[in-house]
A.B. asks: 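One structure follows; several queries about it will come next.
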Amino acid sequence: MDESQPRFLDDVTVELVKHSASDTDVLWAARVSTAGEQSLDEIGKDPERSTGLINYLMRDRHGSPFEHNSMTFFVSAPIFVFREFHRHRVGWSYNEESGRYRELQPNFYIPGVERKLVQEGRPGKYVFVEGTEAQHKVVSESMEAAYRQSYAAYQEMLEAGVAREVARAVLPVGLFSSMYATCNARSLMHFLSLRTKSEQARVPSFPQREIEMVAEKMEAAWAELMPLTHAAFVANGRVAP
């Protein structure tokens, strides 16, 4: 495949690349307050025996025990997703690919047919509804044409010797970027509480669908690592402690 030809994608990529995260991490961190050095004994115990403690910590919002773990994700998504993502600063570390130092690849986002296209209602009370076949057609054709034109202009400037950091200005926010994002369970729960929509949430949230797609994949990976913590998060209304 010619790498200079645009690729049009309708999904995001999230990969858990490394982690040090388990339900046991919550337990020894919590029990040090009453057991001191004996809390280290929790490291080798079955966390299922302490489900009640995890639920208590979540319910009463004792948050710091949920910080003693780490997860690093590789994320590939449109630039406009990252601009929202980087608003989450507490408990997160990011490193994103740079258009100053590498030639950006022609991977662009076009909403899939399941993506709701039409916004109805006033700010604060709006909903998104299904688009028509004609609306999906105009979105796809308009985006493809704009992406092809902008990337051709980008390539033309690079071939003329223009610096990458200057030429990149012509590229749209629908371009895919990639980053590593590292967090702990507490910061991830805060992210999920704002960037997913769920009937189980005590406080409603209205995320843009594309960042919710990232959040859903992160949540699935985290739920496997810390199932008791995840279950307590859901049971307590998806509110970060």
Side-chain angles (χ1 to χ4, degrees), residues 1-17 71-89 92-119 128 131 134-183 188 191-192 194-197 205-221:
M1 178 179 176
D2 185 351
E3 293 185 358
S4 67
Q5 293 300 309
R7 295 176 62 229
F8 305 115
L9 310 172
D10 63 5
D11 200 3
V12 299
T13 297
V14 176
E15 297 178 11
L16 180 68
V17 296
M71 293 163 277
T72 298
F73 297 92
F74 172 81
V75 182
S76 178
I79 288 173
F80 66 80
V81 170
F82 287 4
R83 297 298 80 82
E84 288 196 350
F85 210 124
H86 292 163
R87 295 176 184 274
H88 298 267
R89 298 181 294 277
W92 286 90
S93 298
Y94 303 106
N95 281 93
E96 184 181 351
E97 70 175 282
S98 173
R100 296 184 68 193
Y101 304 122
R102 69 168 305 205
E103 182 176 331
L104 298 172
Q105 301 304 298
N107 299 318
F108 296 96
Y109 176 72
I110 291 181
V113 294
E114 73 285 350
R115 209 298 188 191
K116 296 178 180 179
L117 293 182
V118 180
Q119 180 178 326
F128 284 88
Q135 287 170 326
H136 277 283
K137 183 173 184 292
V138 73
V139 166
S140 296
E141 291 180 352
S142 297
M143 286 186 173
E144 282 195 24
Y147 291 153
R148 292 184 190 280
Q149 182 178 12
S150 66
Y151 199 75
Y154 175 67
Q155 289 287 300
E156 183 179 6
M157 284 187 279
L158 293 182
E159 291 168 4
V162 174
R164 288 184 291 266
E165 66 182 51
V166 176
R168 65 177 174 171
V170 76
L171 295 172
V173 294
L175 180 76
F176 271 67
S177 186
S178 60
M179 71 172 178
Y180 290 107
T182 299
C183 64
L188 180 59
F191 173 76
L192 295 176
L194 293 172
R195 302 301 182 177
T196 59
K197 186 174 184 178
S205 184
F206 305 93
Q208 181 162 338
R209 178 56 192 152
E210 287 74 17
I211 196 169
E212 186 178 32
M213 290 157 62
V214 173
E216 289 170 347
K217 293 175 186 290
M218 285 185 161
E219 181 169 1

A.B. asks: Would you check if Pro78 and Val12 make a side-chain contact, meaning some heavy-atom pair closer than 4.5 Å?
C.D. replies: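 Of all side-chain heavy-atom pairs linking Val12 with Pro78, at least one is under 4.5 Å.
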
A.B. asks: Could you please spell out the steps behind the salt bridge (Lys or Arg N to Asp or Glu O under 4.0 Å) verdict for Glu96 and Arg83?
C.D. replies: CA-CA 11 Å; Glu96 184 181 351; Arg83 297 298 80 82; 3.1 Å; yes

A.B. asks: Looking at Gln105 and Glu103, would you say the former's side chain and the latter's main chain have a donor-acceptor pair under 3.5 Å?
C.D. replies: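 Looks like yes, one N/O pair under 3.5 Å.
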
A.B. asks: Can you confirm whether or not the ring centre of Phe85 sits under 6.0 Å from the ring centre of Tyr94?
C.D. replies: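 Distance test on ring centres: under 6.0 Å, yes.
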
A.B. asks: Measure the spacing between CG of Leu194 and NE2 of His88 and express it to the nearest 0.5 Å.
C.D. replies: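 That separation rounds to 5.5 Å.
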
A.B. asks: Hey, is CZ on Arg87 packed in by over 12 heavy atoms from elsewhere, all under 6.0 Å?
C.D. replies: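 Check fails, neighbour count at 12 or below.
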
A.B. asks: Scan side-chain atoms only and decide if Ser178 and Ser76 contain a donor-acceptor pair under the 3.5 Å cut-off.
C.D. replies: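 Judged by distance alone, the side chains do not pair up.
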
A.B. asks: Can the positive tip of Arg115 be found less than 6.0 Å from the middle of the six-membered ring of Phe128, inside 45° of the ring normal?
C.D. replies: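 Yes, cation above the ring, under 6.0 Å and within 45°.
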
A.B. asks: I'd like to know whether Arg195 forms a side-chain contact (heavy atoms from CB on, under 4.5 Å) with Glu84, so could you lay out the CA-CA distance, the side-chain angles of the two residues, the decisive distance to 0.1 Å, and finally the verdict.
C.D. replies: CA-CA 10 Å; Arg195 302 301 182 177; Glu84 288 196 350; 3.4 Å; yes

A.B. asks: Within the distance-only criterion (no hydrogens, no angle test), does the side chain of Ser150 pair as donor or acceptor with the backbone N or O of Tyr147 below 3.5 angstrom?
C.D. replies: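 Confirmed, Ser150 side chain pairs with Tyr147 backbone.
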
A.B. asks: Considering only heavy atoms from C-beta outward, does the side chain of Arg148 approach that of Gln5 to under 4.5 Å?
C.D. replies: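 The answer is yes; the side chains approach within 4.5 Å.
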
A.B. asks: Decide yes or no for Lys197 and Glu212: does some side-chain heavy atom of the first lie under 4.5 Å from some side-chain heavy atom of the second?
C.D. replies: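 Yes, side chains in contact.
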
A.B. asks: Considering non-hydrogen atoms only, spot the tightest contact between Ile79 and Pro172 and give its length.
C.D. replies: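 That closest heavy-atom pairing would be CD1-O, 4.2 Å.
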
A.B. asks: Work out which heavy atom in Arg164 is nearest to a heavy atom in Gly99; give both atom names and the distance.
C.D. replies: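 The answer is CB-O, 3.3 Å.
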
A.B. asks: How long is the straight-line distance from CD1 of Ile211 back to CZ of Phe82, given to the nearest 0.5 Å?
C.D. replies: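 Taking CZ in Phe82 and CD1 in Ile211, the distance rounds to 9.5 Å.
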
A.B. asks: In the structure I gave you, are the side-chain heavy atoms of Pro111 and Met143 within less than 4.5 Å of one another anywhere?
C.D. replies: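 Yes, side chains in contact.
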
A.B. asks: On a heavy-atom basis, which atom in Val14 and which in Met218 lie closest, and how many Å separate them?
C.D. replies: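 Smallest interatomic distance, heavy atoms only, reads CG1-CG, 3.8 Å.
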
A.B. asks: Looking at Thr196 and Ala215, what are the two nearest heavy atoms and their distance?
C.D. replies: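 That closest heavy-atom pairing would be CG2-CB, 3.6 Å.
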
A.B. asks: Using modelled atom types and a 3.5 Å cut-off, is there a donor and acceptor pairing between side-chain atoms of Tyr154 and backbone atoms of Leu104?
C.D. replies: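 Judged by distance alone, yes, a pair lies under 3.5 Å.
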
A.B. asks: Can you confirm whether Phe73 sits close enough to Lys217 that some side-chain heavy atom of one is under 4.5 Å from a side-chain heavy atom of the other?
C.D. replies: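 With C-beta onward as the side chain, the pair stays apart.
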
A.B. asks: What pair of heavy atoms forms the shortest contact from Ala167 to Leu158, and how long is it?
C.D. replies: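 Nearest pair, atom of Ala167 first, then Leu158: CB-CD2, 3.9 Å.
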
A.B. asks: Go through the steps for Leu9 and Tyr109 under the test side-chain contact (heavy atoms from CB on, under 4.5 Å), then give the verdict.
C.D. replies: CA-CA 5 Å; Leu9 310 172; Tyr109 176 72; 5.7 Å; no

A.B. asks: Evaluate side-chain contact (heavy atoms from CB on, under 4.5 Å) for Asp10 paired with Ile110, printing each intermediate quantity in order.
C.D. replies: CA-CA 5 Å; Asp10 63 5; Ile110 291 181; 5.8 Å; no

A.B. asks: How about CD on Gln149, more than 12 heavy atoms from neighbouring residues, nucleotides or ligands closer than 6.0 Å, or not?
C.D. replies: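 No, because the 6.0 Å sphere around CD of Gln149 holds 12 heavy atoms or fewer from other groups.
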
A.B. asks: Does the plane of the ring in Trp92 sit parallel, tilted or perpendicular to the ring in Phe191? Use 30° and 60° as the thresholds.
C.D. replies: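 Plane angle over 60°, so perpendicular.
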
A.B. asks: Around atom CG of Asn95, are there more than 12 heavy atoms from other residues, nucleotides or ligands closer than 6.0 Å?
C.D. replies: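 No, CG of Asn95 has 12 or fewer neighbouring heavy atoms, counting only those of other groups under 6.0 Å.
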
A.B. asks: Should we say atom CZ of Phe8 is surrounded by more than 12 heavy atoms from elsewhere, each under 6.0 Å from it?
C.D. replies: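 Result for CZ/Phe8: enclosed.
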
A.B. asks: Which atom pair, heavy atoms only, marks the closest approach of Val138 to Gln135?
C.D. replies: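 Between these two residues, the closest heavy atoms are CG1-O, 3.1 Å.
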
